[in-house]
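One structure below.
Residue numbers begin at 1 in each chain, while the letters A, B, ... track the order of the sequences. Any value given below was found using the heavy atoms of this structure, including those in side chains, with hydrogens, waters and symmetry copies removed. Here the structure is a predicted model, which means the values were calculated and not measured.
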Amino acid sequence: MDLLPLWFRRFADTYLMWDRGPLIWMSDVAILLTTIGIVAALTYFRRWKWLWREWITTVDHKKIGIMYLICALLMLFRGGVDALLMRTQLAFPGNTFLDPQHYDEIFTTHGTIMILFMAMPFIFALFNMVVPLQIGARDVAFPVLNAVSFWLFFFGALLFNLAFVFGGSPDAGWTSYPPLSELGFDPGPGENYYLLAIQISGIGSIATGINFLATIFKMRAPGMTWMRLPLFTWSVLASCLVIVFSFPALTAALALLMLDRLAGTHFFTMLHGGNPMMYVNLFWIWGHPEVYIVILPAFGVYSEVVATFARKRLFGYTSMVASLLVISVISYFVWAHHFFTMGAGADVNAFFAVASMAVGIPTGVKVFNWLFTMYRGRIRLSLPMLWTLAFIPTFALGGATGVMLAAAPADYQYHNSYFLIAHFHQTLIGGTVFGLIAGMYYWWPKIFGFRLDERLGRIAFWLFVIGFYVTFMPQYALGLMGMQRRMYTYPAELGWGDLNLVSTIGAYMMGLGFVVMVAQILYSIRHGERDLTGDPWDARTLEWSLPSPVPHYNFAVIPRVTDRDMWWELKQQGRTEELRPTADDIEPILMPKNTARPFFLGLSFFVAGFGAVFEWWPVAAVGAAGVLACFVAWESGEEEEELLPADEIRKTEAALGRV
Amino acid sequence: MSLLRTRTVLAFVSLTALLLTGCSSRYLVLSPAGPVGRQELDLIVLSVELLAVIVIPTLALLFYIVWRYRDRPGNTAPYEPTWADSRTLEAVWWAIPIIIVAVLGFYTAKTTFALVEPPQKDVKPITIQVISLNWKWLFQYPEQGIATVNYVKIPVGVPVDFELTADAPMNSFWVPQLGGQVYTMPGMAMRLWLQADRPGTYYGHAANFTGEGFAHMSFDVVATPQSDFDKWVASVKASSPPLTTAGYEQLKKPGVTSTAEFSSFPPDLFDRVVWTNGGRYMQGMTGHGMTDHDMTSHGMDGHDMTDHGTAVGQTSR
């Protein structure tokens with residue numbers, strides 16, 4: 001070490017954290033090798049221009065969806081590795097695999113990444129891949145804004161992940177309650193990373209919410225009335241309603257906490273009249289609706305999948321729509337159940353207890369409607385359906401434990417215990433993640449034009465689902481034994497060792513399931529069955545009338561919608577030809593033009609955020625100037641759309657054998 | 001909750017069986033040692049029973065439907081692809097969860113209101129003040145004039161009125177066998193009623209994450225008969241050192257320590273901790289929060305106001 005100059009050693013210890021042990025070194029090496037590998041591959045295959053033209057500057061919602069999906073899967077990996085590190089540490093009492101500081105950082109990043117950088121981009125991936133196709137639109141309402149949302153998410157996630165190898169990770173929990181997250185108790189840059197990274201990606205999320213609301217309200221094909229809207233699109237609508245009303249609360253909470261840390265204000269410290277309860281309230285006014293934001297689209301996926309694979313109309317369509325909207329409204333009346341034990345009066349606790357239980361009513365109705373969609377149907381157990389079937393019992397139990405938690409006095413015993421941990425993992429994994437995976441399998445052939453291998457998919461499914469139960473069922477028991485969340489270690493006398501070991505084994509099974517799923521995707525890219533029909537599942541809604549993968553203008557001719565399960569009805573009546581364009585119908589289409597501005601805007605936000613994390617104000621100023629420059633450039637009025645000639649569309653459609 | 005008591009034993013057995021154990025006492029929440037924990041367990045049991053009413057048939061229905069209507073050659077089950085509405089059925093499954101939520105909601109509200117009262121009204125309660133520190137617990141007995149660290153002795157059969165605050169990031173005070181937790185928050189005085197019905201040593205732990213030493217922030221609640229408790233108080237008074245203001249400042253420093261006893265403590269320590277952490281801005285707090293006696297005489301505490309004296313003037317007192 002003496003060979004290195006002093007300034008470098010100081011830099012390495014402070015910012016690269018080389019004194020923190022092999023986990024950091026391994027990550028540094030892995031990041032370096034991956035970066036070199038990507039650069040080398042792009043150069044070798046001469047793909048730089050392709051990357052720039054086809055992806056970085058794209059405003060095509062389908063490509064943006066694919067980029068979201070790739071990021072979500074990468075973040076699932078990162079969050080999953082965090083989970084395995086934690087479970088490894090907890091496998092035995094008194095384990096010393098991780099020190100407390102490292103453990104604190106890992107559970108903080110695990111929670112933040114899984115909710116904000118895995119679940120959110122995953123639902124946005126499905127929004128982007130599916131919604132315009134389902135409603136017969138050529139794009140989203142604001143295609144450039146859509147790209148802006150993606151790049152803000154991307155650079156927010158990048159900033160957050162940088163924390164692990166540069167300067168130090170946040171360590172105050174994914175909720176980051178003050179005063180623990182205030183400067184006095186948490187001086188490092190980690191908490192700044194948390195605040196700025198979430199803030200940047202959060203702006204993108206609000207924009208996505210607005211964008212898809214506008215898309216669903218204004219871009220539906222003629223005849224697509226509200227009561228003909230596919231259930232997935234309804235669920236996106238409900239989810240986006242919750243996004244636009246709840247994310248601003250998070251934005252405010254993070255901004256105020258940032259001011260406390262960087263500008264010396266006292267919004268959330270009791271000194272000078274602030275109050276940490278304000279943060280706790282603001283956080284959960286966003287935080288509880290957030291879990292509905294991510295689960296409502298999953299409900300939409302299940303509705304599509306159940307109807308398709310039971311070959312039956314969805315049972316109780318009106319009820320299903322009503323329950324989605326009721327959930328999105330009740331989601332705002334439950335936030336205080338996250339702090340039943342913070343000394344609110346009995347009246348307040350009783351109100352929020354009953355409101356929280358009430359969410360179980362529309363959710364229960366949905367479960368029964370899914371069951372009765374299958375009743376008198378013909379159920380095919382393809383991969384999307386398998387995940388949906390695994391979801392039902394998992395979510396029924398997870399929902400039940402949720403109602404148990406909602407009973408305030410009972411919650412005094414569950415709060416912050418492993419019972420709570422088991423509950424929210426059961427609903428978030430069993431509800432949201434199962435749904436997102438089902439959705440990925442379901443729409444994969446539509447987006448990529450090939451099917452994923454069933455055999456590997458089944459292996460992944462069983463490993464993941466069984467692993468899930470092995471992981472989380474013992475955690476309910478541990479909670480009732482009195483084990484608290486966020487303990488990096490525990491003494492042997494309490495008898496928690498056996499169940500923790502079982503839980504850890506389950507976690508590794510889930511990890512293996514994920515690995516097999518990745519293997520399945522890689523294998524299928526080369527060997528997967530090409531989908532030439534455009535409708536591999538014999539499905540029901542409009543997107544399946546298009547060829548796979550969908551041409552970038554989606555519909556050569558905008559369809560006129562006459563029925564709820566339009567495509568299914570046409571198939572039943574042998575009228576599918578009606579949705580095929582004829583050469584005469586095809587007219588030139590106005591399509592949004594690729595632009596680099598969203599990418600540069602995201603990059604500028606990244607530089608500004610990075611500077612602010614370390615309070616390197618000149619760097620932050622450069623980023624802020626970049627942001628400003630992007631907005632000025634916007635006003636200079638570059639052409640945003642271009643006309644796609646009819647001949648070119650005819651040629652594309654002819655090549656697909658459609659005209 | 002007496003209506004529930006009769007079924008409690010049965011449900012308790014099934015719940016325990018569900019958890020696959022031969023040693024139920026390890027399940028602290030399920031083995032309450034006092035009236036608060038027991039009321040909470042009653043509610044837990046009731047919620048499990050009510051939910052079983054809905055979850056078990058749902059699961060049975062799921063397995064039946066998937067088995068009966070799966071797509072295989074020669075399946076003779078009826079296939080009706082357009083059957084998608086039934087007012088009657090939907091009325092049934094909107095009604096069932098509404099009824100269950102109504103019943104559970106009623107008992108939840110009832111228990112919630114019951115738990116803010118002392119668990120036993122005819123016995124004079126004892127007050128214990130709790131301050132959570134990084135990463136240890138300080139207990140003060142205002143009536144006995146003693147203090148302890150990381151363990152608390154209480155008399156059996158006497159309701160304990162815990163008053164809690166934090167002189168560090170907010171934490172949560174949890175003794176699973178005696179009853180559910182409440183947060184300790186800087187600048188606020190919280191309140192929690194607990195009571196032990198039989199002698200024993202009960203596991204208590206910090207339940208809200210506060211940083212590095214959090215995992216080691218446990219304490220024992222030792223319940224003894226009143227006579228033993230009185231003897232113990234006398235012996236602590238006789239043989240332990242006092243907790244001085246300087247000693248408290250030392251104790252406050254972040255770190256993990258073992259247990260300790262003090263024969264006395266600065267009498268206004270608890271109030272002062274609440275006050276200096278921002279309690280002076282919280283005049284409006286009632287109920288669980290600051291009681292009248294917490295607030296008396298703070299204004300005269302000149303030395304507490306020196307740091308932020310100007311800020312006091314800015315608030316609308």
*chain A contact via B/Ala206 - side chain, backbone, both or neither, heavy atoms under 4.5 Å*: backbone

_Min side-chain heavy-atom separation A/Phe368-B/Leu89 under 4.5 Å_ = no

_Gap between atom CZ of A/Arg486 and atom CZ of B/Phe214 - 0.5 Å precision_ = 8.5 Å

*What's the spacing between B/Thr111 OG1 and A/Asn349 CG if we round to 0.5 Å?*
12.0 Å

*asked:* Need one label for A/Tyr177: side chain, backbone, both or neither, based on atoms under 4.5 Å from any heavy atom in chain B.
replied: side chain

*B/Phe209 CZ to A/Met487 CE distance, which is reported to the nearest 0.5 Å*: 12.0 Å

*Which bit of A/Pro178 is near chain B, if near means a heavy-atom gap under 4.5 Å: side chain, backbone, both or neither?*
backbone

*A/Ser319 and B/Glu90: side-chain donor and acceptor closer than 3.5 Å?*
yes

*Write out all pairs satisfying side chain to side chain donor-acceptor pair (under 3.5 Å) with one or both partners inside residues 61-75 of chain B, taking only residues at least two apart or from two chains.*
B/Tyr64-B/Arg68

*Could you check which of A/Ala410, A/Gly360, A/Ala407 has the highest count of heavy-atom pairs closer than 4.5 Å to chain B?*
A/Ala407

*Can any side-chain N or O of B/Gln181 pair as donor or acceptor with the backbone N or O of A/Tyr412 at less than 3.5 Å?*
yes

*Between B/His216 and A/Tyr490, is the gap from one ring center to the other below 6.0 Å?*
no

*Between A/Tyr103, A/Phe339, A/Phe107, which has the largest tally of heavy atom pairs under 4.5 Å with chain B?*
A/Phe107

*For residues A/Met342 and B/Met170, determine if any side-chain heavy atom of one lies less than 4.5 Å from a side-chain heavy atom of the other.*
yes

*When the ring centroid of A/Tyr375 is compared with that of B/Trp83, is the distance short of 6.0 Å?*
yes

*Apply side chain to side chain contact (heavy atoms under 4.5 Å, CB included) to A/Asn95 and list each qualifying residue two or more places apart in sequence or on a separate chain.*
A/Gln89, A/Phe92, A/Phe97

